[in-house]
Amino acid sequence: MTSPVLFLFTDGRIRQADPASPHLLVTDWGASRGDGVFESVSVIEGRMPPLDDRLDRLVASAAALDLPLPDRALWAEAIARAIEAHDHVPRLAITLALTRGVEGHGEAPSAWLLAKPARDFATIRRSGISVVTLDRGYRSDAAEAAPWLLLGAKHLSYATNAAALREAARRGADDVIFTSTDGVALEGPTSSLIVRRGSRIVSPSLDSGILAGTTQAAVFAFFEANGFDTASVSVAAESLASADGLWLVSSVRQAVAVHTLDGIPVPTDRDLTERLNDWLAEQK
Ligand code: PLP
């Protein structure tokens, strides 16, 4: 089957529903305010990916928004059923979503899982992307100073991330690296940043208010197995231009090399990127 599969979670039970029919009320806080959290799970060749890191992050995001904590076993069961329903789909993208529920209905969250064949990113995995840096408008210590900004939680309010991507397109670029007002490189709107300097690989540290990327952790494991040193550090935005390599990494798109940053060419290593992506695909 290749059509999308939808499961709704109601009263602790999983119910399959028609993804082409309406299910969400307009008074749902998720629909009207983006008040909810989500996760993406990438499935390759029908293999169940490691779920612990995804479900840990879903729980952490829900906790950050004071939402009822998701039942991990129930979500894992729904993921298994979604995979089963998509026999012979080479790459499946599964979205898990949990909102604050319907206005006036107490503490009952709305929750669902949507699984559908993933977009094909094979071409940009090979070609790489051009990126612009955009100011996110916060200092790099904003997560601690203003926890209500929910930096580091995977919440549904991605309108600003989508706006940044449209700004990149207006500037003729494919993607974005956000920077803080105090000059620290952060992450992409839907990806983590990896920087190469010789045999050292670094990624921005989590205390700069970025999402803890599951792919970033897997990317570090690949580089460590290949003789590189890895570290999570504060990355100066102005240092990116002289990097020996930059990648934006995420679950479904995997690792995409940045070939141009703010109009300036960045070195790329096609062979290394291909090996990294093969390795990431094997982890799923
Ligand atoms: N940072 C942000 C803001 C994201 O939205 C995402 C993925 O959607 C990532 C990083 C990468 O996370 P992961 O590697 O777990 O997919």
Side-chain angles (χ1 to χ4, degrees), residues 34 36-44 49-62 64-65 75 79 91-98 114 118-119 121 124-125 129 131 133-138 140 142-143 149-168 174-180 184-195 201-223 230 232 235 246-258 273 276-277 279-284:
V37 298
F38 77 105
E39 263 307 322
S40 304
V41 177
S42 167
V43 177
I44 299 181
L51 291 183
D52 280 353
D53 49 4
R54 297 283 165 347
L55 295 177
D56 286 351
R57 196 169 61 185
L58 185 67
V59 169
S61 297
L65 272 72
W75 287 92
I79 292 167
R91 283 179 185 254
L92 186 64
I94 301 181
T95 305
L96 319 176
L98 175 73
L114 180 68
R119 263 178 66 192
F121 291 109
I124 62 162
R125 273 187 215 112
I129 51 174
V131 166
T133 50
L134 293 181
D135 187 343
R136 192 176 238 175
Y138 307 132
S140 58
L149 289 176
L150 302 174
L151 298 174
K154 201 165 162 76
H155 54 74
L156 286 170
S157 323
Y158 261 47
T160 51
N161 294 19
L165 288 170
R166 290 195 301 276
E167 177 61 21
D174 303 309
D175 211 327
V176 172
I177 295 174
F178 284 125
T179 59
S180 67
V184 173
L186 300 173
E187 63 186 342
T190 60
S191 56
S192 307
L193 170 65
I194 306 288
V195 182
I201 297 290
V202 301
S203 187
S205 55
L206 295 184
D207 57 13
S208 57
I210 59 171
L211 191 73
T214 57
T215 314
Q216 174 269 319
V219 166
F220 269 25
F222 166 84
F223 280 112
T230 63
S232 292
V235 177
L246 298 173
W247 292 267
L248 288 178
V249 305
S250 55
S251 309
V252 180
R253 198 171 69 170
Q254 296 186 199
V256 176
V258 176
T273 303
L276 170 58
N277 274 316
W279 193 87
L280 288 174
E282 275 167 31
Q283 307 307 301
K284 302 233 185 273

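Ligands are counted one by one from 1 in listed order, and the atoms in each one are counted from 1 as well. All residue numbers refer to positions in the sequence shown, counting from 1.
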Discussion item. Main chain of S250, side chain of Q254: is a donor-acceptor contact present, judged purely on distance under 3.5 Å?
Written reply: no
Practice prompt. Please report which non-hydrogen protein atom sits nearest to atom 1 (N) of ligand 1, along with the residue it belongs to and the distance in Å to one decimal place.
Written response: E187 OE1, 2.9 Å
Worksheet item: Of A255, S42, S191, which has the heavy atom at the shortest distance from atom 9 (C) of ligand 1?
Response: S191
Practice prompt. Check whether any N or O atom of R57, backbone or side chain, sits under 3.5 Å from an N or O atom of ligand 1, and answer yes or no.
Written response: yes
Practice prompt. Provide the closest heavy-atom pair for A255 versus W247 in the form atom of the first, atom of the second, distance.
Written response: CB-CD1, 4.3 Å
Worksheet entry | Closest protein heavy atom (residue, atom, distance) for atom 16 (O) of ligand 1 | S251 OG, 2.6 Å
Worksheet item: Do any N or O atoms from the side chain of R54 and from the backbone of S40 form a donor-acceptor pair under 3.5 angstrom?
Response: yes
Practice prompt. Please say whether N161 places an N or O atom under 3.5 Å from an N or O atom belonging to ligand 1.
Written response: no
Worksheet item: How far is atom 15 (O) of ligand 1 from its nearest protein heavy atom, and which residue and atom name does that atom have?
Response: T214 OG1, 2.6 Å
Fill in: Ionic contact status for D175 with R253, cut-off 4.0 Å
yes
Practice prompt. Look only at interatomic distance and state if Y158 has a nitrogen or oxygen under 3.5 Å from any nitrogen or oxygen of ligand 1.
Written response: yes
Item to complete: Verify, without hydrogens or angle tests, whether S61 (side chain) and K154 (backbone) share a donor-acceptor contact under 3.5 angstrom.
Response: yes
Worksheet item: Can you find a non-hydrogen atom of S192 under 4.0 Å from ligand 1?
Response: yes
Item to complete: Check whether any side-chain N or O of T215 sits under 3.5 Å from a backbone N or O of S251 as a donor-acceptor pair, and report yes or no.
Response: yes
Worksheet entry | Identity and distance of the protein heavy atom lying nearest atom 14 (O) of ligand 1 | T215 OG1, 2.5 Å
Worksheet item: Quick check: does any side chain N or O of Q216 sit under 3.5 Å from a backbone N or O of V249, one acting as donor and the other as acceptor?
Response: no
Practice prompt. For G188, take its heavy atoms, then give the atoms of ligand 1 lying under 4.0 Å from any of them.
Written response: 3 (C)
Practice prompt. Examine the side chains of R136 and T179 and answer whether a donor and an acceptor come within less than 3.5 Å of each other.
Written response: no
Worksheet entry | Residue and atom name of the nearest protein heavy atom (relative to atom 8 (O) of ligand 1), distance in Å to one decimal | K154 NZ, 2.6 Å
